[in-house]
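All values below come from the heavy atoms of this structure, side chains included, with hydrogens, waters and symmetry mates left out. On a predicted model such as this, the values are computed, not experimentally measured, just so you know. Convention: sequence-line order gives letters A, B, ...; per-chain numbering from 1.
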There are 2 protein chains.
Amino acid sequence: MTKNTHRPLTLRDVSEASGVSEMTVSRVLRGRGDVSATTRDKVLQAAKELGYVPNKIAGALASQRVNLVAVIIPSMSNMVFPEVMTGINSVLEGTELQPVVGITDYLPEKEEQVLYQMLSWRPSGVILAGLEHSEASCAMLRSAGIPVVEIMDVDGTPIDTAVGISHRRAGRQMAQAILKAGYKKIGFMGTKMPLDHRARKRFEGFTEALAKAGIEVSDQEFYSGGSALAKGRDMTKDMLERTPDLDFLYYSNDMIGAGGLLHLLEKGINIPQDIGMAGFNGVDLLDGLPLQLATMDACRKEVGKIAAQIIADRVIHGTENSEKIIELTPKLNLGATLRDPQ
Amino acid sequence: MTKNTHRPLTLRDVSEASGVSEMTVSRVLRGRGDVSATTRDKVLQAAKELGYVPNKIAGALASQRVNLVAVIIPSMSNMVFPEVMTGINSVLEGTELQPVVGITDYLPEKEEQVLYQMLSWRPSGVILAGLEHSEASCAMLRSAGIPVVEIMDVDGTPIDTAVGISHRRAGRQMAQAILKAGYKKIGFMGTKMPLDHRARKRFEGFTEALAKAGIEVSDQEFYSGGSALAKGRDMTKDMLERTPDLDFLYYSNDMIGAGGLLHLLEKGINIPQDIGMAGFNGVDLLDGLPLQLATMDACRKEVGKIAAQIIADRVIHGTENSEKIIELTPKLNLGATLRDPQ
DNA sequence: GTGAAAGCGCTAACAG
DNA sequence: CTGTTAGCGCTTTCAC
């Protein structure tokens, strides 16, 4: 019953089974060089019969090339990142490159560890979220000698290349749209995540633009943990009890915004006349809500695609990308929760 | 400007910089064997100063051990799978093992390709969704000589070990709960995914249990693509127009169920008296809905944890798991959309 | 078209 | 406690 006799097959096994030299077997299996049709068939047949699976570890060491792209993101449960991954995948699928994902939980130290782990596989490129990294991380990235694409943010200085939107600008833009619509008493709800720099920048841009119009956020609250939908609902309830004269609620993400929306609808509040609302991200997950929430698209899938394309071009064709900062423009969607400008 | 002179550092560089043999450097860096504090410090210092990152490719080849666990799942956008990943991660984080994810899009051929790619890295173990695989995939898995854990389903014969719930039983159980509550005219809505075997088994179990009570599904509809929430809403609207006398709606996932719920609420239908509803999965993402949707928890996170634990135990401690089929019991949550049994 | 030799960067196994 | 020697399974390079 014990099949401890098990030894993974090697090129040599295929070589012996087919009576062809290891070298030629290798060539056939990689589709390289000219090999006569006869030998090729012999080799392919033998490989298939044996159930040979090449050893990429050995291949990579010998060829000094690893077709891996390290993708380092803060979280898997944020929905935003799976979408970015989808974009990355869609591009890499057409190539020999393969993504490998690492999760940082928004912690710089963990990012550093994950990065170290990843780099020890000598990937062909790195895609990582954000522009803020520990010094050690930056040093590793710079000296890795591989393309590095920082995604989801362009407010800062990239190590190599950045692809994303300006969250500061996004925050400002939303504030302007809100002001233009005539709202004046604004409440803000967000996640309690000092290390989510993108949320922070959005909020900064937001308050900055309000300040320019002489307005301050009238109330604010930050949550952590739990179901976002439920939290949005609860926070909204609390905030309106605390500060009943608010006429606008800005949420740092669509999910809590949706929770708030459900609460307001239940209370029979007239949206967007009495109270307007807006979120952020444009998750189409929420398309079926009773009212379309005003939001701003972070171009997640596109960001993933572009980042992957840059890596692929660099690795495969040696093409250097000319633009070092690629800023995408988030689309503002007024939905049905932000009244038309007066 | 071209820094093509770049050459990744090797053990030898650290060895030279510290005046210690490569072997000892290797020992220090891996924390193996007894090394005097003095030499250790020398080595660590040199490694840090140089910014040395070990080459795992070479290490893996030399030691014949690769600390990778292949995780093969159908999709990233299903929410279910990111959650499973979270469970897997939480266990593997405490070990030296690292997950590597592959996506199959529910396609057997793609699964085969992804599996082949993964196995060529000689991972220490494989976790993959479902019990249905192509013959070639099964052959590869069997002859890989590594632990294989099939997750999310136990209705079938595992290659090695299976961890999950019985979807057939889950379907039956939901049907029984519905019947017990006195509902009789039942509509079903699901995804158009012939290759989602788990959804299929759930539906089979469901209809089977209904049949036993002499009842058939009165109407059914399957969708594909688009926002699940919106689709749920639309399908529900269509179905109720088509078959107005339905008194229960069973959805193959919570997301479309939530869409349907929002629609019914808007129409002012009395839930669960006039129409009852249920979904599947127990995504706590939806916790904040106006009414808690009846659902059944697929134990996603736990499945991930157990699967990872089995692999970890086998790889690290050589412990063989005694149970080859680990069936978890999905918790039935009646929520507020399934009236109490009469 | 095919093969032989020489490593890739590291670690197992054994000496000292 | 530390160093030496041989590979791991492949691919590169150069012969034939």
Side-chain angles (χ1 to χ4, degrees), chain A residues 6-44 46-47 50-68 96 117 119-124 144-145, chain B residues 6-44 46-47 50-68 96 117 119-124 144-145:
Chain A
H6 185 83
R7 181 185 55 81
L9 296 166
T10 70
L11 258 191
R12 160 171 247 116
D13 295 308
V14 182
S15 164
E16 283 170 2
S18 62
V20 177
S21 81
E22 281 186 48
M23 196 52 238
T24 303
V25 171
S26 165
R27 277 198 271 255
V28 171
L29 263 25
R30 281 177 301 147
R32 289 293 185 75
D34 291 317
V35 181
S36 75
T38 341
T39 27
R40 190 181 35 249
D41 291 349
K42 253 195 298 190
V43 170
L44 255 23
L50 294 174
Y52 172 69
V53 177
N55 186 331
K56 275 201 184 154
I57 301 276
L61 183 60
S63 66
Q64 304 281 64
R65 270 171 309 109
V66 183
N67 61 352
L68 254 29
E96 59 187 356
Q117 294 296 324
L119 288 181
S120 72
W121 288 103
R122 298 286 185 274
S124 296
Chain B
H6 186 83
R7 181 185 54 82
L9 296 166
T10 70
L11 260 191
R12 158 171 249 116
D13 295 310
V14 182
S15 165
E16 284 170 359
S18 62
V20 178
S21 81
E22 281 186 46
M23 196 55 232
T24 303
V25 172
S26 165
R27 278 196 271 255
V28 171
L29 263 23
R30 282 177 300 149
R32 290 293 185 75
D34 292 317
V35 180
S36 77
T38 341
T39 26
R40 188 178 42 247
D41 291 348
K42 251 194 300 190
V43 170
L44 255 22
L50 294 174
Y52 172 69
V53 177
N55 185 331
K56 275 201 184 154
I57 301 276
L61 184 59
S63 66
Q64 302 280 65
R65 271 173 308 107
V66 183
N67 62 352
L68 255 27
E96 58 187 355
Q117 295 295 325
L119 289 181
S120 71
W121 287 104
R122 299 286 185 273
S124 295

* To do: Check the surroundings of atom CZ in Arg30(B): do more than 12 heavy atoms from other residues, nucleotides or ligands lie under 6.0 Å from it?
  => yes
* Val66(A) side chain near Ile57(B) side chain, heavy-atom distance below 4.5 Å -> yes
* In chain order, what residues pass the side-chain hydrogen bond (donor to acceptor under 3.5 Å, both in side chains) check against Ser36(A), with sequence neighbours excluded? -> Thr39(A)
* So, is Thr39(B) near the phosphate of dC1(D), with a side-chain N or O under 4.0 Å from OP1 or OP2? -> no
* Going 5' to 3' through nucleotides 4-13 of chain C, assign each nucleotide B (protein heavy atom under 4.0 Å from a base atom), S (under 4.0 Å only from sugar-phosphate atoms) or - (no protein heavy atom that close). => B--BBBBBBB
* Asked: Taking Asp41(A) for the side chain and Thr38(A) for the main chain, is one N or O donor matched with an acceptor at less than 3.5 Å?
  -> no
* Quickly work out the Asp41(B) CG to dC1(D) P distance and round it to whole Å. => 14 Å
* Less than 4.0 Å between a side-chain N and a carboxylate O, is that true for Asp34(B) and Arg27(B)? -> no
